[in-house]
Chemist: 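Here's a structure for you.
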Amino acid sequence: MENKLIPESQIYTSDFTTLKLLRIGPVNISPGKISTPYKLITASGEESSAELTYKYDENVFMPDDPASINLATMISSQVALNYGLFCQKIIFDGLYDETDRRFIREMMENTSREIIVNKLILPNPFLKKEYTGLQPEKKKRYT
């Protein structure tokens, strides 16, 4: 099941959007492990992928249980929240209900605001010169 959490019409495009697509999932679980593919397509069309894996000392998940699948899906989607400001589109592929989708949208928006303020507006010696001196600007959406 493919879930587009941010509708196409609401994508916020800025100078920071350098990634065309980030696709997360679907999650693979075993009793003590979560493994989720992350696929990335850059603006120039280059593709790369990685497997995000969490291992647990205890048997935490039941692979056939929808609640376990949902929990594992939510855990593995957390890293993607950091990329909302930089992606044109993010697709979360997995078992999400409306509450999950709303939570992810709100947390991604919050993370985007925090990155703008704490990493891009406040002094940061690691930024390229053309991205320094940004002025605070209240927007409806930052992601």
Chemist: Enter the distance from I91:CD1 to R23:CZ here, rounded to the nearest 0.5 Å.
Modeler: 4.0 Å
Chemist: Give a yes or no on whether F103 atom CZ has more than 12 heavy-atom contacts from other residues, nucleotides or ligands under 6.0 Å away.
Modeler: no
Chemist: Run the side-chain hydrogen bond (donor to acceptor under 3.5 Å, both in side chains) test against T36 and tell me which residues pass, sequence neighbours left out.
Modeler: S76
Chemist: In terms of hydrophobic clusters joined by side-chain contacts under 4.5 Å, are I29 and V79 together?
Modeler: yes
Chemist: Atom CG of L122 and atom CD1 of I116: how far apart are they, to the nearest 0.5 Å?
Modeler: 12.0 Å
Chemist: Return the set of residues passing side chain to side chain contact (heavy atoms under 4.5 Å, CB included) with T111 (not counting sequence neighbours), or none when no residue passes.
Modeler: L81, N82, I115
Chemist: Starting at CG of L21, measure out to CG of L40 and round the result to the nearest 0.5 Å.
Modeler: 8.0 Å
Chemist: Does S112 have any side-chain hydrogen bond (donor to acceptor under 3.5 Å, both in side chains) partners at least two apart in sequence or in another chain, and if so, which?
Modeler: T143
Chemist: For the residue pair K140 and E109, what are the closest heavy atoms and their distance?
Modeler: O-OE2, 4.2 Å
Chemist: For E114, does the CD atom sit with more than 12 other heavy atoms under 6.0 Å from it, leaving out its own atoms?
Modeler: yes
Chemist: How far apart are the closest heavy atoms of I90 and A80, and which atoms are they?
Modeler: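 Nearest pair, atom of I90 first, then A80: CD1-O, 4.1 Å.
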Chemist: Could you pull out the closest heavy-atom pair between P63 and I69, with the gap in Å?
Modeler: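 So the minimum-distance heavy-atom pair works out to O-CD1, 3.5 Å.
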Chemist: Just verifying a value: how many Å separate C87 SG and M108 CE, rounded to the nearest 0.5 Å?
Modeler: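 If I round to the nearest 0.5 Å, the distance is 8.0 Å.
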Chemist: Using the rule that two of Ile, Leu, Val, Met, Phe, Trp, Tyr join whenever any of their side-chain heavy atoms come within less than 4.5 Å, decide whether V117 and M107 are in one cluster.
Modeler: no
Chemist: Measure across P66 and L95 and return the closest heavy-atom pair with its distance rounded to 0.1 Å.
Modeler: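 Shortest heavy-atom separation between P66 and L95 comes out as O-CD2, 3.6 Å.
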Chemist: According to the ring-ring contact (aromatic ring centres under 6.0 Å, His included) rule, which pairs have a member within residues 38-62, sequence neighbours left out?
Modeler: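 Counting only pairs at least two positions apart or across chains, the ring-ring contact (aromatic ring centres under 6.0 Å, His included) contacts touching residues 38-62 are Y56-F61.
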Chemist: Not counting sequence neighbours, which residues clear side chain to side chain contact (heavy atoms under 4.5 Å, CB included) with E51? List them please.
Modeler: N28, S35, P37, T53
Chemist: With side chains defined as the heavy atoms from C-beta onward, is the minimum distance between M74 and Y96 less than 4.5 Å?
Modeler: yes
Chemist: What are the two closest non-hydrogen atoms of I104 and S77, and how far apart are they?
Modeler: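 So the minimum-distance heavy-atom pair works out to CD1-OG, 3.6 Å.
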Chemist: Checking D57 now: which residues fulfil side chain to side chain contact (heavy atoms under 4.5 Å, CB included) with it, not counting sequence neighbours?
Modeler: none
Chemist: Check N70 against D100 and note the closest heavy-atom contact, atom names and distance.
Modeler: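 Scanning both residues completely, I find the closest heavy atoms to be ND2-OD2, 2.6 Å.
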Chemist: List the residues meeting side chain to side chain contact (heavy atoms under 4.5 Å, CB included) with S44, not counting sequence neighbours, and say none if there are none.
Modeler: T42, E46
Chemist: Sequence neighbours excluded, which residues qualify as salt bridge (Lys or Arg N to Asp or Glu O under 4.0 Å) partners of K39?
Modeler: E47
Chemist: Within a 6.0 Å radius of atom CE on M62, are there more than 12 heavy atoms belonging to other residues, nucleotides or ligands?
Modeler: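 No.
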